[in-house]
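See structure below.
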Amino acid sequence: MQEKRSRKEQRRDRQQHYEELESRHDAKALERFKRPAYQSVSVAEYLAKKYDITAEVDTIADRRKRNDRK
C-alpha cells in the first residue's frame with residue numbers, strides 16, 4: 001500500500017516541475033512571443049479598416065474630437 005506524500009514532498013515536486021517547464025523552451029516560440037504590444041482602436045476605426053469606409057468614419061471621428069474639446 002502506498003503512503004501519501006508529505007506536503008514538503010508535494011511542494012518540492014511542484015517546484016521541480018515548474019523549474020523544468022521554465023528551463024525548456026523553443027527558440028521559435030520565444031521569438032514569436034516577442035511582438036509589439038496590442039494597439040487598441042475604436043470600434044469605428046476597426047470597422048473602417050475592415051470594410052474600407054474611411055471617409056464616413058473620418059467625419060464621425062472629427063465630430064467626436066470637436067465634441068471632446070468643448
Side-chain angles (χ1 to χ4, degrees):
M1 193 163 168
Q2 188 177 14
E3 291 184 28
K4 291 185 178 182
R5 295 184 304 155
S6 68
R7 287 185 181 187
K8 288 182 180 181
E9 290 173 328
Q10 291 175 0
R11 184 171 185 245
R12 185 191 66 232
D13 291 344
R14 187 172 56 242
Q15 286 177 340
Q16 182 181 2
H17 174 70
Y18 287 133
E19 287 173 1
E20 289 174 3
L21 289 176
E22 288 180 354
S23 65
R24 288 184 283 149
H25 61 273
D26 184 17
K28 286 184 179 180
L30 184 63
E31 193 62 35
R32 278 184 257 134
F33 186 75
K34 294 180 180 177
R35 59 180 189 234
Y38 175 75
Q39 302 294 322
S40 64
V41 294
S42 70
V43 174
E45 292 169 341
Y46 172 77
L47 292 174
K49 183 177 179 182
K50 184 173 181 174
Y51 296 110
D52 194 28
I53 51 172
T54 56
E56 295 174 24
V57 174
D58 287 340
T59 57
I60 294 170
D62 292 338
R63 278 189 244 139
R64 190 172 290 150
K65 286 179 185 176
R66 283 185 293 220
N67 290 337
D68 290 343
R69 290 181 194 158
K70 292 180 183 178

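Note that the structure is predicted; figures quoted are calculated from it, not measured. Computation of the quantities below employed the complete heavy-atom set of this structure, encompassing side-chain atoms and omitting hydrogens, waters and symmetry-equivalent molecules.
For the atom pair Leu30 CG and Arg32 CZ, the distance stands at 10.0 Å (nearest 0.5 Å).
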Please list every donor-acceptor pair under 3.5 Å in which a side-chain atom of residues 9-17 meets a protein atom from a residue at least two apart or in another chain.
| unit_1 | atom_1 | unit_2 | atom_2 | d |
| --- | --- | --- | --- | --- |
| Glu9 | OE1 | Ser6 | N | 2.9 |
| Gln10 | NE2 | Arg5 | O | 3.4 |
| Asp13 | OD2 | Arg5 | NH1 | 2.1 |

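Applying the under-4.5 Å side-chain rule to Ile, Leu, Val, Met, Phe, Trp and Tyr, the cluster around Leu21 extends to Tyr18.
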